[in-house]
Colleague: 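Sharing a structure, written as structure tokens. Questions coming.
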Amino acid sequence: MGIFVDKQTRAIVQGITGAQGSFHTKLMLNYGTQIMAGVTPGKGGTQVHQVPVYDTVKEATENHDANASIIFVPAPFAAEATFEALEANLKTIVIITEHIPIKDAIRVMAKAKQLGTVVIGPNTPGVIAPGECKLGIMPAHVFKPGIVGIASRSGTLTYEIAAGITAAGLGQSTCIGLGGDPIIGLSFVEALKQFERDEQTKAVALIGEIGGNLEERAAEFIATEGYEKPVVAYVAGRTAPRGKRMGHAGAIVMGRTGTARSKIEAFEKAGVRVAEKPSEVAKILGQRI
Amino acid sequence: MKLHEYEAKKIFAKYGIPIPKGEVATTSTQAREITAKLNVPVIVKAQILVAGRGKAGGILFADTPEEAELAARKLLDAEIKGVRVSSVLVEEKVSVQKELYLGITVDRAQRCYVAVASSRGGMEIEEIAAKTPEEIVKLFIDPAYGFHLYLARQVARKMGYVGKQMLNLASIFFKLYRLAIDFDAELAEMNPLMEKPNQEFVAADTRLIVDDNALYRHVELKNRLAEGETELTPQELKAQESGLAYVKLEGNIGIIGNGAGLVMATLDTIQLYGGNPANFLDVGGGASAERMAAALNIVLSDSEVKAVLINVLGGITRCDDIAKGVLEVRKRVGFAKPIVIRLVGTNEEEGRRILTEAGIHVLSSMEQSAEKVVEIVNVEGGG
């Protein structure tokens with residue numbers, strides 16, 4: 001069974017009438033994801049791909065038994081939208097939106113922590129449990145049901161590595177995009193904990209990148225907890241210069257913090273094999289399982 | 001967005017934080033005139049956005065208006081750490097008893113702002129942390145509750161201050177927090193905050209970095225960014241206008257890809273095969289033919305680039321759009337440089353067909369294409 005999303009996931013789409021929201025609602029429906037309702041303030045009473053649209057999350061959840069939300073709302077309004085979802089007691093919230101200000105993200109994460117709600121993202125491709133539920137914008141065809149749990153800070157690079165894992169015949173239990181922003185909800189450590197409990201997951205792939213220290217924390221967790229399942233990592237940005245943002249708002253080496261070298265060394269110290277090239281992740285996983 | 005020291009100081013002053021008396025000058029004559037109004041000696045500081053200007057000769061001292069003019073002449077139009085100096089800040093030199101550090105920044109792992117203070121300022125905070133970690137006071141700020149004056153007093157007490165001085169220091173720290181929050185700062189710091197022999201404090205150097213994603217609610221800064229000089233190169237600016245994430249690097253292989261992580265991994269793979277990337281360029285998700293064309297133009301216009309690698313894995317991005325963008329650039333400006341293309345994913349067959357019919361070879365493995373482009377550059381370079 002997938003973690004965070006599965007066959008029981010019943011989602012609403014916030015920002016469903018926008019170009020991205022509408023397009024991906026269609027693709028998620030095609031995948032079999034249960035989309036109960038959509039929300040766009042001012043567009044209540046309309047429909048998008050036969051999904052009823054409401055003005056507020058409150059109305060949507062009063063009329064439909066939803067337990068998750070996926071947010072496509074533009075950055076200046078995305079924090080508001082997340083608060084609305086948090087208040088409605090939805091237990092999993094995926095924020096696709098990029099460019100949310102740090103100050104807003106900090107407030108959102110504090111509220112989510114207080115309520116015990118799982119926030120995935122922002123700036124994430126979302127989460128997929130292959131064959132069960134896709135709550136995100138990832139191309140579905142690269143994923144197949146299987147045994148590898150993936151947690152990643154990037155989008156396309158995840159598809160690259162997941163495609164390799166699929167081609168190797170291993171498939172994925174759940175693939176989680178943590179998001180490319182400096183302030184994100186779900187972290188590697190929390191993903192690792194869930195993968196450890198999940199029976200379907202036999203091995204874990206962590207895809208990190210420069211910036212922050214979530215990878216170092218994951219390595220420390222693996223070492224101190226004596227993590228039982230094999231973990232393979234890849235870290236992007238070995239060639240990145242200091243002080244420059246490499247595409248993602250969170251992918252920046254500040255002073256001495258957040259270098260690829262520090263992350264790779266931390267993983268290796270914790271006994272995690274680090275792949276040199278994206279294609280090696282599937283290869284090493286094959287050997288370790 | 002990084003603010004110049006003089007811009008940051010204006011804001012700090014508005015919040016009631018004491019700063020040295022001074023003004024900004026864009027000509028050496030101005031520097032002399034400003035100095036005539038100040039108490040000497042003065043300090044003449046190049047206004048550039050890169051760190052470490054002091055060691056690179058960007059800070060000079062002067063005892064007379066004439067000396068200040070000479071100092072400004074030396075600095076203006078000079079290049080410091082590769083950046084041209086277009087203005088200098090002329091300030092009264094502060095007599096100093098002790099140098100402190102105060103900063104508000106973001107702690108990514110704790111997902112909150114953090115107040116950082118040290119009674120050993122003057123050097124980079126990370127250097128202080130490495131050398132004397134016990135001299136650093138760190139306080140995570142509860143996002144719901146915020147920073148308060150009594151917390152600032154606790155910090156000032158920990159730094160060993162008492163009485164009026166403790167109250168003053170706490171008040172300065174609290175003002176720093178307020179401006180950091182008001183301006184959506186990623187970093188607001190005073191380093192050093194000078195303690196003068198008369199026990200007063202003054203912020204001798206300040207830094208303010210504003211969250212780019214919050215600029216929409218700071219219109220005055222956004223306008224300044226549009227007209228003023230930034231730390232970006234011309235190519236980086238052009239990329240920014242086209243909505244592309246571009247970073248200039250030092251090698252000779254131009255790189256274009258979709259997705260920040262994939263592009264970073266492409267750069268790393270190039271280096272693994274012995275090549276040197278000339279840039280990072282992410283065309284982003286769902287790139288159109290026009291965006292791809294704009295990206296290719298920027299990379300081809302870089303004279304350092306000897307060959308280009310395009311690495312696209314289509315999810316939302318469609319391979320046929322990428323192919324069309326590539327062909328459009330060839331039609332308009334031609335390819336003076338070899339181009340290696342790796343294209344897989346959504347509408348892959350159509351993309352391949354378009355390019356193959358136009359005589360462009362398409363690869364499907366990221367590593368093969370990286371190896372190939374490195375090989376081309378090495379042969380061209382005679383090595």
Side-chain angles (χ1 to χ4, degrees), chain A residues 23 75-76 99-107 109-111 113-114 125 137-139 142 152-160 163 180 182-185 187 207 209-214 217 234 236-241 243-251 255-257 260 276-279, chain B residues 50-51 106 108-109 111-113 124-126 130 142-144 181 184-187 211-217 231 245 247-251 257-265 267-272 276-277 280-282 284-286 312-317 344-346 365-367 370:
Chain A
F23 177 70
H99 302 305
I100 298 178
I102 290 172
K103 190 163 75 184
D104 298 9
I106 285 176
R107 286 182 185 143
M109 297 316 159
K111 183 79 179 165
K113 193 175 166 191
Q114 188 196 331
I137 60 171
M138 59 288 277
V142 303
S152 170
R153 282 175 60 200
S154 57
T156 327
L157 180 58
T158 314
Y159 316 154
E160 176 87 38
I183 301 293
I184 52 175
S187 71
I207 306 166
E209 62 187 34
I210 55 161
N213 65 352
L214 294 183
R217 290 187 156 228
Y234 178 82
R238 292 171 197 239
T239 47
K244 289 279 184 184
R245 276 214 154 80
M246 305 300 271
H248 288 153
R256 298 178 197 186
T257 311
E276 289 220 306
K277 298 181 275 186
S279 66
Chain B
V50 289
V106 175
R108 293 170 58 157
R111 302 177 185 100
C112 66
Y113 289 97
E124 291 268 320
I125 186 67
E126 285 177 311
D142 183 323
I181 297 300
D184 278 284
E186 274 180 46
L187 173 71
D211 178 4
D212 287 330
N213 287 338
L215 282 177
Y216 73 89
R217 48 192 181 206
E231 73 264 46
V247 177
K248 176 86 182 95
L249 301 170
E250 280 163 5
N258 65 326
L262 185 70
V263 180
M264 275 190 272
L267 306 183
D268 296 352
T269 308
I270 290 280
Q271 200 169 60
L272 204 62
N276 274 310
F280 166 99
L281 201 168
D282 173 14
V312 169
L313 187 148
I316 322 169
T317 310
V344 295
T346 308
S365 144
M366 169 168 162
E367 279 131 38

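So you know, we letter chains A, B, ... as the sequences are listed, proteins then strands, and number each from 1.
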Colleague: At a 4.5 Å cut-off on heavy atoms, which part of Asp212(B) comes close to chain A: side chain, backbone, both, or neither?
Modeller: side chain

Colleague: Which value, rounded to the nearest 0.5 Å, describes the distance between Glu276(A) atom CD and Thr269(B) atom OG1?
Modeller: 9.5 Å

Colleague: Looking at every heavy atom in both Leu267(B) and Pro277(B), which two are closest together, and how far apart are they?
Modeller: CD2-CB, 3.6 Å

Colleague: Contact part of Arg153(A) toward chain B, heavy-atom cut-off under 4.5 Å: side chain, backbone, both or neither?
Modeller: side chain

Colleague: So what's closer than 4.5 Å to chain A heavy atoms on Asn258(B): side chain, backbone, both or neither?
Modeller: both

Colleague: Sort out for me which of Gly155(A), Pro125(A), Gly211(A), Ala75(A) touches chain B most, counting heavy-atom pairs under 4.5 Å.
Modeller: Gly211(A)

Colleague: Does any part of the side chain of Glu367(B), heavy atoms only, come nearer than 4.5 Å to the side chain of Pro278(A), both counted from C-beta?
Modeller: yes

Colleague: Just so I understand: if I count every heavy-atom pair under 4.5 Å between each of Gly180(A), Ser152(A), Gly185(A) and chain B, which residue has the most?
Modeller: Gly185(A)

Colleague: Which bit of Glu209(A) comes within less than 4.5 Å of chain B, counting heavy atoms only: side chain, backbone, both or neither?
Modeller: side chain

Colleague: Between Ala260(B) and Phe280(B), which heavy-atom pair has the shortest distance, and what is it?
Modeller: O-CE1, 3.7 Å

Colleague: Taking every non-hydrogen pair under 4.5 Å, which of Ile210(A), Ile137(A), Leu214(A), Ile184(A) racks up the most with chain B?
Modeller: Ile184(A)

Colleague: For Lys248(B), does the NZ atom sit with more than 12 other heavy atoms under 6.0 Å from it, leaving out its own atoms?
Modeller: yes

Colleague: Working to the nearest 0.5 angstrom, can you tell me the gap between Ile125(B) CD1 and Arg256(A) CZ?
Modeller: 11.5 Å

Colleague: Check each atom of Met246(A) against the heavy atoms of chain B and say whether the ones under 4.5 Å are side chain, backbone, both or neither.
Modeller: both

Colleague: Side chain from CB out, backbone as N, CA, C, O: work out which of these in Arg217(A) comes under 4.5 Å of a heavy atom of chain B, or both, or neither.
Modeller: side chain

Colleague: Check each atom of Thr158(A) against the heavy atoms of chain B and say whether the ones under 4.5 Å are side chain, backbone, both or neither.
Modeller: neither

Colleague: Heavy atoms only, distances under 4.5 angstrom: which of Ala265(B), Ala245(B), Ala185(B), Gly259(B) has the most pairs with chain A? Name it, please.
Modeller: Ala265(B)

Colleague: Answer with side chain, backbone, both or neither: which region of Ile207(A) has an atom nearer than 4.5 Å to a non-hydrogen atom of chain B?
Modeller: neither

Colleague: Check whether Ser154(A) gets within reach of chain B through its side chain, its backbone, both or neither, counting any heavy atom under 4.5 Å.
Modeller: side chain

Colleague: So, Arg217(B) and Asp184(B), do they make that salt bridge, N to O below 4.0 Å?
Modeller: yes

Colleague: Using a 4.5 angstrom heavy-atom cutoff, name the option from Ile183(A), Thr239(A), Asn213(A), Thr257(A) with the most pairs to chain B.
Modeller: Thr239(A)

Colleague: Counting only heavy atoms closer than 4.5 Å, note whether Glu186(B) contacts chain A via side chain, backbone, both or neither.
Modeller: side chain

Colleague: Could you have a look at Ala240(A), Ser187(A), Pro182(A) and say which one has the most heavy-atom pairs with chain B under 4.5 angstrom?
Modeller: Pro182(A)

Colleague: Could you tell me whether a side-chain N or O of Asp282(B) sits under 3.5 Å from a main-chain N or O of Gly247(A), the two making a donor and an acceptor?
Modeller: no

Colleague: Taking every non-hydrogen pair under 4.5 Å, which of His248(A), Glu160(A), Arg238(A) racks up the most with chain B?
Modeller: Glu160(A)

Colleague: State whether the number of non-hydrogen atoms from other residues, nucleotides or ligands found under 6.0 Å of Glu126(B) atom CD is greater than 12.
Modeller: yes

Colleague: Which one, Ile181(B), Thr346(B), Val263(B), leads in non-hydrogen pairs under 4.5 Å with chain A?
Modeller: Ile181(B)

Colleague: Go through the atoms of Leu313(B) and report whether side chain, backbone, both or neither lie under 4.5 Å from a heavy atom of chain A.
Modeller: both

Colleague: Compare every heavy atom of Lys277(A) with every heavy atom of Tyr234(A), then report the nearest pair and how far apart it is.
Modeller: CE1-C, 3.7 Å

Colleague: Applying side-chain contact (heavy atoms from CB on, under 4.5 Å), run through Ile102(A) and Ile106(A) and close with a yes or a no.
Modeller: CA-CA 6 Å; Ile102(A) 290 172; Ile106(A) 285 176; 3.8 Å; yes

Colleague: What part of Ala130(B) lies closer than 4.5 angstrom to a heavy atom of chain A: side chain, backbone, both or neither?
Modeller: side chain

Colleague: What do the steps show when you test Leu157(A) against Met264(B) for side-chain contact (heavy atoms from CB on, under 4.5 Å), and what is the final call?
Modeller: CA-CA 9 Å; Leu157(A) 180 58; Met264(B) 275 190 272; over 6 Å; no

